[in-house]
K.L.:
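Below are the structure tokens for one structure; questions will follow.
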Amino acid sequence: RGGAGGLEGFTRIGAERGALGNLDEEPKGLGLGGGSGSNMIHQHNSSNNGQSPIGVNTCLAVQCEGGGGSAGGSWICVGRSDGVVVCVEGRMGSVLNTWKAHDDSVVQIYCINANQVVTVGKDKRAILWDLRGGGVDGGVMKMSSIVDLPMRGPGMTMNSVAMRTFNRKEGGKASNILYTVSGHKAAAAAIQPPGSPEFKVKPRNFCDPGGQKVQKKKLCARSMVLLPMRNLMILGCEDGELKACV
């Protein structure tokens, strides 16, 4: 289905509670600042000692090094337990935008390019956003979405979601494929192009070596990693076992 792939030009940064200070401030600018800066995160002051009064930072942030100009620069997005995503400028830490991305906790964020991110939430949705604006009141605009991601067993976490980029032949566009596992089910779907209708996935059971569907009492996957060689998937299971899947 394609060779080794992956997103280039981003660094994941752990977002501990309060690590980014008060991210509930009003946006200080909706346009992405020009030029790329350092990786320093500015800590904002708050009236409650740096703790977010609404949501705890729950997932890894994403940093993207883009080109210069109003649509480029360095920025970081952080997901929170209340479904809110905060985008800050990477050099000074100024809040660029804050928006309600999901109805439940945000578990993962992926950088598509200098202007677009995909957020994944416990509401079983993955949404493509355009950070340049165009949405309600000039805010971040929703471009497309995937719904009905698997939510079995222990539920969805940042470790049960992965994305890989497959580069097509010369002249073709790259495809970003989202993989999710939860309990005994999994799903894979391409991030839909901007303007596409809502895409509904159908999670499927894992199968044993004999081709029989694995029932929920036999498997409870809690994490996964994608290996480029032979497109293998390694599952981390609740019973402490690792399972290799193709």
Side-chain angles (χ1 to χ4, degrees), residues 1-8 10-17 19 55-62 78-81 83 102-112 117-127 145-167 175-191 199-246:
R1 298 177 184 174
L7 296 178
E8 298 179 356
F10 72 89
T11 303
R12 295 177 180 174
I13 302 174
E16 300 291 341
R17 176 171 180 167
V56 178
N57 300 331
T58 57
C59 73
L60 298 181
V62 174
V78 180
R80 298 193 325 206
S81 61
H102 294 274
D103 295 329
D104 206 332
S105 178
V106 183
V107 300
Q108 192 58 280
I109 308 176
Y110 293 101
C111 169
I112 299 298
V117 295
V118 170
T119 62
V120 184
K122 283 190 175 181
D123 57 0
K124 303 191 291 185
R125 293 175 177 267
I127 303 176
S145 62
I146 300 172
V147 300
D148 284 355
L149 298 174
M151 192 70 165
R152 305 283 178 170
M156 190 185 301
T157 70
M158 68 174 66
N159 297 315
S160 63
V161 181
M163 190 162 69
R164 176 173 290 175
T165 299
F166 292 94
N167 295 313
S175 295
N176 297 293
I177 309 298
L178 182 73
Y179 299 85
T180 55
V181 300
S182 186
H184 64 297
K185 289 183 177 289
I191 300 301
F199 184 79
K200 185 175 181 180
V201 299
K202 184 177 180 180
R204 297 186 177 183
N205 292 55
F206 285 97
C207 294
D208 62 23
Q212 299 299 314
K213 291 183 178 180
V214 176
Q215 302 304 314
K216 61 181 179 180
K217 293 182 179 180
K218 300 292 185 178
L219 176 66
C220 186
R222 303 197 65 168
S223 61
M224 72 167 170
V225 62
L226 299 176
L227 301 183
M229 184 174 65
R230 297 184 180 179
N231 294 323
L232 290 177
M233 175 188 294
I234 304 298
L235 299 178
C237 302
E238 194 172 49
D239 58 4
E241 291 187 351
L242 295 177
K243 299 183 183 295
C245 306
V246 294

K.L.:
Say whether, by atom type as modelled, one donor and one acceptor occur between the side chain of Asp148 and the main chain of Lys200 under 3.5 angstrom.
P.N.:
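Such a contact is absent between Asp148 side chain and Lys200 backbone.
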
K.L.:
Starting at CD of Glu238, measure out to CG of Leu219 and round the result to the nearest 0.5 Å.
P.N.:
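It comes to 10.0 Å.
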
K.L.:
Looking at every heavy atom in both Val214 and His184, which two are closest together, and how far apart are they?
P.N.:
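Looking at all heavy atoms of both residues, the closest pair is O-CD2, 3.6 Å.
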
K.L.:
Would you name the heavy atoms of Ala186 and Phe206 that are closest together and state the gap between them?
P.N.:
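Nearest heavy atoms, Ala186 then Phe206: CB-CZ, 3.6 Å.
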
K.L.:
If we only count heavy atoms from C-beta on, is the Val201 to Leu178 side-chain gap below 4.5 Å?
P.N.:
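No, their side chains stay 4.5 Å or more apart.
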
K.L.:
I'd like to know whether Val181 forms a side-chain contact (heavy atoms from CB on, under 4.5 Å) with Tyr179, so could you lay out the CA-CA distance, the side-chain angles of the two residues, the decisive distance to 0.1 Å, and finally the verdict.
P.N.:
CA-CA 7 Å; Val181 300; Tyr179 299 85; over 6 Å; no

K.L.:
Taking all non-hydrogen atoms of both residues into account, name the closest pair between Met224 and Ser160 and its distance.
P.N.:
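Closest approach of Met224 to Ser160, heavy atoms only: CE-O, 3.6 Å.
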
K.L.:
Side chains of Thr180 and Val161, heavy atoms from C-beta outward: is any pair under 4.5 Å?
P.N.:
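Of all side-chain heavy-atom pairs linking Val161 with Thr180, at least one is under 4.5 Å.
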
K.L.:
With rounding to the nearest 0.5 angstrom, report the CG to NZ distance, Leu232 to Lys243.
P.N.:
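With rounding to 0.5 Å, CG (Leu232) is 15.0 Å from NZ (Lys243).
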
K.L.:
List the atom of Pro203, the atom of Ala187, and the distance in Å for their closest heavy-atom pair.
P.N.:
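Answer, listing the atom of Pro203 first, then Ala187: CA-CB, 4.1 Å.
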
K.L.:
Should Thr165 and Asn176 be marked as a side-chain contact (heavy atoms from CB on, under 4.5 Å) after you check the CA-CA gap, both sets of side-chain angles, and the distance that decides it?
P.N.:
CA-CA 4 Å; Thr165 299; Asn176 297 293; 2.7 Å; yes

K.L.:
Got a sec, which residues hit side chain to side chain contact (heavy atoms under 4.5 Å, CB included) with Ser223, two or more places apart in sequence or on another chain?
P.N.:
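Listed in chain order: Asn159.
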
K.L.:
Locate the shortest heavy-atom distance separating Ile146 from Ala190; write the atom from each residue and the value.
P.N.:
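Heavy atoms only, the tightest pair is CD1-O, 3.5 Å.
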
K.L.:
With rounding to the nearest 0.5 Å, note down the distance linking CG in Asp103 to NZ in Lys124.
P.N.:
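It is 12.0 Å, given to the nearest 0.5 Å.
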
K.L.:
Please report the shortest heavy-atom distance between Gly236 and Leu242, naming the atom on each side.
P.N.:
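Closest heavy-atom pair between Gly236 and Leu242: CA-CD2, 3.9 Å.
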
K.L.:
Of the options Arg125, Met156, His102, which is the one that meets Val120 in a side-chain contact (heavy atoms from CB on, under 4.5 Å)?
P.N.:
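Output: one option passes, namely Met156.
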
K.L.:
So do Cys220 and Asp239 actually touch side chain to side chain, heavy atoms under 4.5 Å?
P.N.:
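No, their side chains stay 4.5 Å or more apart.
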
K.L.:
Between Lys218 and Asn205, is any pair of side-chain heavy atoms under 4.5 Å apart?
P.N.:
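The answer is no, as the side chains (C-beta and beyond) never meet within the 4.5 Å cut-off.
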
K.L.:
Can you measure from OH (Tyr110) to OG1 (Thr119) and round to the nearest 0.5 angstrom?
P.N.:
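Nearest 0.5 Å value for the OH-OG1 distance: 11.5 Å.
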
